Amino acid sequence: MQGIRKAGAELLYPQPKVLTPSRNDVLVLTPWLAPIVWEGTFNTDILNEQFRLRNTTIGLTVFAIRKYVVFLELFLQTAEKHFMVGHRVTYYVFTDRPAAVPRVPLGEGRRVVVLEVLGGPRWQDVSMQRMVVISRFCKQRFLREVDYLVCADVDMKFRDHVGVEILSPLFGTLHPSFYGAARKDFTYERRPRSQAHIPRDQGDFYYMGALFGGSVAEVHRLTSACHQAMAIDQANGIEAVWHDESHLNRYLLDHKPTKVLSPEYLWDQQLLGWPRVMKKLRFVAVPKNHQDIRAT
Amino acid sequence: MARLLRTQTGKTKCCSLHTVAFLLIILVLVLFGTGFPSLRSVMQGIRKAGAELLYPQPKVLTPSRNDVLVLTPWLAPIVWEGTFNTDILNEQFRLRNTTIGLTVFAIRKYVVFLELFLQTAEKHFMVGHRVTYYVFTDRPAAVPRVPLGEGRRVVVLEVLGGPRWQDVSMQRMVVISRFCKQRFLREVDYLVCADVDMKFRDHVGVEILSPLFGTLHPSFYGAARKDFTYERRPRSQAHIPRDQGDFYYMGALFGGSVAEVHRLTSACHQAMAIDQANGIEAVWHDESHLNRYLLDHKPTKVLSPEYLWDQQLLGWPRVMKKLRFVAVPKNHQDIRAT
């Protein structure tokens, strides 16, 4: 169905059918014509060829502070199986416990870079800290080393294909708990005093902070803007209800993403089961004891 | 109205609800008709004084179109009515002060098409944005003066017309390519390259703009690829085998960023030159080479046949919600004779 390659010749694949929608149950294009990436909308072979031709390198950032290092092994092992296979990948692991980073066997063209950082006192601080750290490293390192950045939460595992179909200048991911909700029920920051404020009659989607990315330049802009907004809030004695995620949502309302990932790319099977509309569960929450893991 | 109410009686509670609903609908329609924001603007978006653009929430569990493909397998949007919000897009492109160049070739008798082309473009093409019409012609004196909106201008460029219409058609590739470097790169952000024997009859806006776009040929959007009129002789540079091809694009409307259009037109020109040296001419000339190029360099947007239609030939099928850019009826023999 995807494609076969004739010896030394062109990639062959089924003809796209203009009079047949790829999905009849979900929206696959935002009103500003950004693709919403669902299974069935894309051909992996065509996309892989496009991105390999440009020798694309993808950076995957993940923060493992204090006890969260325990998630690294499964994260990296499953990434090796499912994340950007066949392409050049650099994992950037930010941690305060570099010795605890596991050695995981890596495929060709893939490497792990461990970067030491101080962990903020509360999990909310760690979460928000990611914005300033990623922003700083964009200029310091990422600009020269990778073409695209994918910024992910660590308490997750890959269980199906996550590939170059997600790559574009700027992408966000639909929060799995809100993709069917009315915008007035999105958990945006609602207090006008916060920089992250979004009124109830506005908003496109509710994006989750656990997976976003894009070109290094765009991720730099996003993380810098969120960091600045959080600093202003802090100076004004207010903290957005969902921290960096609230600011991410404000940013993506003003700077609309060029691709939106469906909740296939960010799921919690324990919480949400497996609805018919999800043809694949690609990147899923690892069951954890919240109290336990967040205590120092 | 009274009759409708009566047919709804017999359902007690239901009836009064229906009545109220009906009256509300009438009230809403009346309000809409009396200077309230037009239905179109409510659907698209309204701007609160000095504040954010407001528009309906996109519905994740409701496809925008249930009858057509709106995304290519490489995730390029296929632009159909109902898939996009003009207000959001206009805002994005105005923020960048986008300038669009529209190239058109009017050689010999084809100058007769210019007036209607430009007049209708003024009504429907990129309204509200900066536009430069580049009119390539061998009869500059025959280019009509058409009243232009603000931020819009016509540049007339003199060229020699090739002997046959096929030559004129193919010549466009080398001319556009040359002017990309000479002029377009410095003057516009995007290029739209169109046939002149056409008129605009509905909105053609920034929704089409992207690094590289082609348009689905209106006669082939439902056809199997083996029936596309690609060049089939392996000797030609435009050759595409019967088991390959995504779509059949029409040569009458393509475009993109100046850089990408330069690449496309240069490549097509080179391919045509090689063919000429080898004593072969592709079956549909520049269009054949355009199709080969877009197979190898997949467009970042594809325009539906709404953007290239012939009502005389093809009528008005249900799947076309708008006919935006349409062929002007012409006598082929007459217009092609020098």
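The model shown is predicted, which means the values in this text are computed figures rather than measured ones. Note on naming: letters A, B, ... go to the chains in the order of the sequence lines (proteins, then strands), and numbering restarts at 1 for each one.
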Nearest 0.5 Å, please: how far is CG in B/Leu75 from OG1 in A/Thr258? 11.0 Å
Rounding to 0.5 Å, atoms CD1 (B/Ile88) and OG1 (A/Thr30) come to a distance of 7.5 Å
For B/Phe254, which residues count as a ring-ring contact (aromatic ring centres under 6.0 Å, His included) partner, sequence neighbours excluded? none
Select one option (side chain, backbone, both, neither) describing which atoms of [X] are under 4.5 Å from chain A's heavy atoms.
{"X": "B/Val302", "answer": "neither"}
{"X": "B/Leu61", "answer": "both"}
{"X": "B/Phe93", "answer": "neither"}
{"X": "B/Thr62", "answer": "backbone"}
{"X": "B/Val70", "answer": "both"}
{"X": "B/Leu216", "answer": "side chain"}

Are more than 12 heavy atoms, taken from residues, nucleotides or ligands other than [X], located less than 6.0 Å from that residue's [atom1] atom?
{"X": "B/Asn66", "atom1": "CG", "value": "no"}
{"X": "B/Lys59", "atom1": "NZ", "value": "no"}
{"X": "A/Gln269", "atom1": "CD", "value": "yes"}

When every non-hydrogen atom of B/Gln57 is compared with those of A/Ala181, the smallest separation belongs to NE2-O, 3.0 Å
Can you name the closest pair of heavy atoms from A/Leu47 and B/Trp74 and give their distance? CD2-O, 3.7 Å
Checked B/Gly245, B/Ala76, B/Ala224, B/Gly82 vs chain A; the most non-hydrogen pairs under 4.5 Å come from B/Ala224
Results of side chain to side chain contact (heavy atoms under 4.5 Å, CB included) for A/Leu143 - residues two or more places apart only: A/Val216
At under 4.5 Å between heavy atoms, what parts of residues 203-211 of chain B are in contact with chain A? List them by residue number. B/Glu207
Do [X] and [Y] have side-chain heavy atoms sitting under 4.5 Å apart?
{"X": "A/Pro35", "Y": "B/Leu71", "answer": "yes"}
{"X": "B/Leu69", "Y": "A/Ser22", "answer": "yes"}
{"X": "B/Tyr55", "Y": "A/Pro31", "answer": "no"}
{"X": "B/Trp80", "Y": "A/Val18", "answer": "yes"}

For residues 245-255 of chain B, pull every pair meeting salt bridge (Lys or Arg N to Asp or Glu O under 4.0 Å), keeping only residues two or more places apart or in separate chains. B/Asp246-B/Lys298
Heavy-atom proximity to chain B below 4.5 Å, by part of A/Phe186: side chain
Among A/Leu53, A/Val277, A/Thr41, which residue has the highest count of heavy-atom pairs closer than 4.5 Å to chain B? A/Thr41
